[in-house]
Number of protein chains: 2
Amino acid sequence: MDTAIGARPGAGRVTIADVARAAGVSIPTVSKVINQRDGVAQGTILRVQEVVEQLGYETSLVARSLRSSRTGVVGILVTEFEPFSTELLRGVSGATTGTGYELLAYAGLVTGAEQKGWERRSLSRLSGTLIDGAIVVTPSTALSASSIPVVAIDPHTGPEGHATVDSDNEGGAVQAVEHLVALGHTRIAHLRGRPDLASAQLREAGYRRALVAAGLDVDESLVQDGGYQEDRSAEVALALLSGPDRPTAVFAANDSSAVGVLRSAAALGLRVPEDLSVVGFDDVPQAATTTPPLTTVAQPLVELGSHAVEMLLAMLRGDQTSDHVRLPTTLRVRQSTGPVPTPDR
Amino acid sequence: MDTAIGARPGAGRVTIADVARAAGVSIPTVSKVINQRDGVAQGTILRVQEVVEQLGYETSLVARSLRSSRTGVVGILVTEFEPFSTELLRGVSGATTGTGYELLAYAGLVTGAEQKGWERRSLSRLSGTLIDGAIVVTPSTALSASSIPVVAIDPHTGPEGHATVDSDNEGGAVQAVEHLVALGHTRIAHLRGRPDLASAQLREAGYRRALVAAGLDVDESLVQDGGYQEDRSAEVALALLSGPDRPTAVFAANDSSAVGVLRSAAALGLRVPEDLSVVGFDDVPQAATTTPPLTTVAQPLVELGSHAVEMLLAMLRGDQTSDHVRLPTTLRVRQSTGPVPTPDR
DNA sequence: CTGTTAGCGCCTTCAA
DNA sequence: TTGAAGGCGCTAACAG
């Protein structure tokens, strides 16, 4: 089925050279046909196209990238694929469909100490070449001097040198705490998120603001670090809930942390919400599958992703675009929160 | 088009040549230091490393890929990022973490007619160069002669030329239908999935087998195509449920289809589960967030992804590995199914 | 209209 | 121990 000439069965990729040889033309001619540039005879075009079809040739993204600056691919960079980033991914995917761009999601998958600066590394690895623009999720540092347009979702704290998409973190936190206060809770703990992210700081600020507004003191011993991580939060919660004067409610900085709290509560024999109320943040789909289903502050994750794409595409077109978008949050009351328990004694 | 202004050379990527110049050595020397090959003086190594650090140099994935065959990146290819593929992605991500590989998820984002063969195209674009191995999700065709190791999740029907991971589709379908039969349903419709996928065929086979086993006839008018798609399924369901002798239960080939059915049922004023029972397949996290929460056949999606990675990594190591893994499915009963309604008349 | 020449950024001989 | 030369697959300028 292959023309006898270069196409050994089982050999690697078919390259543009294979096509050129089989079609009896030069390599640049094939390139022109493929990229639909004019200056090629109709007959040649047809012959080349036929060979391309027959050999199943497809241009190498890599080689093309190296040569020409535009690739028609946008990238989204994440540390790993977990519920938060995959929800964003859905939004990004939906908004990119039909734009002519393809989508490349890249996970550095680094752990521990190397984590810091992962996005700069990944961006360097891919930019200038593979992707035309990038969306970076929860960057651990500001990515000011990048060679390609960049939009950050849930950005780093500090000065922003680039476009940014986030949601009303502080307002969401206030809603969460007000909800708990309305249920009669006064000892409300907070598990902080990643300290380098603006979202975590704003959620803590909202927590404090709502407590003060309700005339409650902030007990600093009830404010602990969960790092947005389930395991870490579970550990911290274990200590927090084993103490003598334990909180009756926990506002976790995200859903993962809340799941950690739920786990520790279960381990300690505390019933949720009878003995302990728990509120999360994000409203990842998994929040509805916990036992009990989690009350949480919903971020419009899919919209966050699609807005980021729209901004990025505008930047790629060279259009003017706002460099900051903030979307609203809403409290989603499920079954992990209830009235403050009556004291045991 | 590039923006005319931002493209000044100084602002672009830092290349190996920049490092070499700054360190006062030649390019190959820098290359050796970076790739930790020996044959470089200790002093030179340190100097180069310092410059690398200082300039924030990171080797271009693209350029390296083009030259050397190994990249340390595995790819997962999907048509788009939706709940099914993102759950797999989570599994893939988790299993890849700590292996030293990075993860590249690629979505062709093609629609309509071009869809067919997307994976061959994407694979060609990336393989031989960018990625060392690939996981392909729901391929629309057999990918026999690929130049890199490939594992398919939820494969195409027909002869398999490569490793494959799937779950017990037929058994799951049987469980779903048995559940409905046990509730007293006799008019059970089925919305088929993508006809090119083995999973869809097996789910239909299971549906038919369970009906026959229960002594029920298969009413062919109740078997319709949903294509695994929500919108398509909603349309079909609308017709199906508007008819005179409508089914009292629907077994949808996946959760997306089931959501479509739920939508149409709501539009028709049918209560679920009082008037109509609905069962899905997959147990995507979103299945718990529907109204009412969806009874569905759970596939271990995360495990499917992690098994695929393990097989792929084994292949990359050159180890012997089984070329087929099948995982069990379990019925997850939520609130979209109930006893057969008493006739209206 | 077509082919030749030159790289893109990097890595790999091989010679100095 | 270091550097010069060549080439991965492709595309952009030019030359024929």
Side-chain angles (χ1 to χ4, degrees), chain A residues 6 11-48 52 55 57-73 124-132 147-148, chain B residues 1-2 7 9 12-48 52 55 57-73 124-132 147-148:
Chain A
R13 270 183 60 80
V14 358
T15 75
I16 197 171
D18 298 328
V19 176
R21 204 176 310 123
V25 296
S26 75
I27 290 176
T29 301
V30 176
S31 175
K32 283 175 200 159
V33 172
I34 287 163
N35 297 303
Q36 317 193 41
R37 336 225 62 148
D38 38 39
V40 182
Q42 190 59 28
T44 312
I45 293 182
L46 291 175
R47 184 148 37 93
V48 170
V52 164
L55 263 48
Y57 169 75
E58 195 71 27
T59 105
S60 159
L61 183 58
V62 170
R64 165 179 295 177
S65 306
L66 192 57
R67 195 68 187 82
S68 71
S69 50
R70 191 178 180 283
T71 59
V73 179
S124 287
R125 278 170 79 75
L126 303 179
S127 83
T129 40
L130 237 202
I131 54 182
D132 294 343
S147 50
I148 56 172
Chain B
M1 303 295 156
D2 309 66
R13 264 185 61 81
V14 178
T15 74
I16 198 171
D18 298 326
V19 176
R21 204 174 310 122
V25 297
S26 76
I27 290 176
T29 303
V30 177
S31 175
K32 283 175 200 159
V33 172
I34 288 164
N35 298 301
Q36 317 192 42
R37 337 222 62 143
D38 37 40
V40 181
Q42 189 61 28
T44 311
I45 293 182
L46 290 175
R47 185 149 35 92
V48 169
V52 164
L55 263 49
Y57 169 76
E58 197 71 29
T59 103
S60 159
L61 184 57
V62 169
R64 162 179 297 181
S65 306
L66 193 57
R67 195 67 188 82
S68 69
S69 49
R70 191 177 180 286
T71 60
V73 179
S124 288
R125 276 170 80 75
L126 304 179
S127 84
T129 39
L130 238 202
I131 54 182
D132 294 342
S147 50
I148 55 172

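Chain A is the first sequence line, chain B the second, and so forth, proteins listed ahead of strands; every chain is numbered from 1.
Under a 3.5 Å cut-off, the side chain of T71(A) and the backbone N or O of L130(A) do form a donor-acceptor pair.
The side chain of R64(A) has dC10(D) as its nearest neighbour among dT1(D), dC10(D), dA5(D). Nearest to the side chain of A41(A), among dT2(C), dT2(D), dG3(C), sits dT2(C). You'll find that the side chain of V25(A) is closest to dG3(C), out of dC8(D), dG9(D), dG3(C). In this structure, of dT11(D), dG9(D), dT2(C), it is dT11(D) that holds the atom nearest to the side chain of N35(A). Between dC1(C), dC10(C), dG9(D), one nucleotide has an atom nearer to the side chain of A63(B) than all others, and that is dC10(C). Of the candidate nucleotides dT2(C), dG9(C), dT2(D), dT2(D) has the atom nearest to the side chain of K32(B). Between dA5(D), dT2(D), dC10(C), one nucleotide has an atom nearer to the side chain of V40(B) than all others, and that is dT2(D). Here the side chain of S60(A) is nearest to one of dA4(D), dC10(D), dT11(D), namely dC10(D). You'll find that the side chain of S26(B) is closest to dG3(D), out of dT1(D), dG3(C), dG3(D).
Looking only at side-chain heavy atoms (C-beta outward), R47(A) and V25(A) come within less than 4.5 Å of each other. In this structure the side chain of D18(A) never reaches within 4.5 angstrom of the side chain of Y57(A), judged on heavy atoms. Inter-residue side-chain proximity for T59(A) and I16(A) is flagged as unmet; no heavy-atom pair is nearer than 4.5 Å. Using a 4.5 Å heavy-atom cutoff, the side chains of K32(B) and T44(B) are not in contact.
For R37(A) and dC10(D), the CZ to P distance is 16 Å, given to the nearest whole Å. Distance R21(B) CZ to dG9(C) C1': 13 Å, rounded to the nearest Å. The nearest whole Å value for the distance from the CD1 atom in I27(A) to the P atom in dG9(D) is 9 Å. At whole-Å resolution of the value, CG in L66(B) and C1' in dC8(D) are 4 Å apart. Rounded to whole angstrom, the span from the CZ atom of R70(A) across to the P atom of dT11(D) amounts to 13 Å. Regarding I34(B), its CD1 atom lies at a distance of 7 Å from the P atom of dC10(C), rounded to whole Å. The distance from atom CG of L130(B) to atom C1' of dG9(D) is 13 Å, rounded to the nearest whole Å. The CG atom of D38(A) sits 16 Å away from the P atom of dT11(D) (whole-angstrom rounding).
Side-chain N/O atoms of T29(A) include none lying less than 4.0 angstrom from OP1 or OP2 on dC1(C). Residue T44(A) has a polar side-chain atom (N or O) positioned under 4.0 Å from OP1 or OP2 of dT2(C).
Nucleotides of DNA chain D nearest to Q42(B) and T59(A) differ in position, and the one nearer the 5' end is that of Q42(B). Of the two residues near DNA chain D, E58(A) and R47(B), the one whose nearest nucleotide lies more 5' is R47(B).
Here CD1 of I34(B) is found 8.0 Å from CZ of R64(B). Values are rounded to the nearest 0.5 Å.
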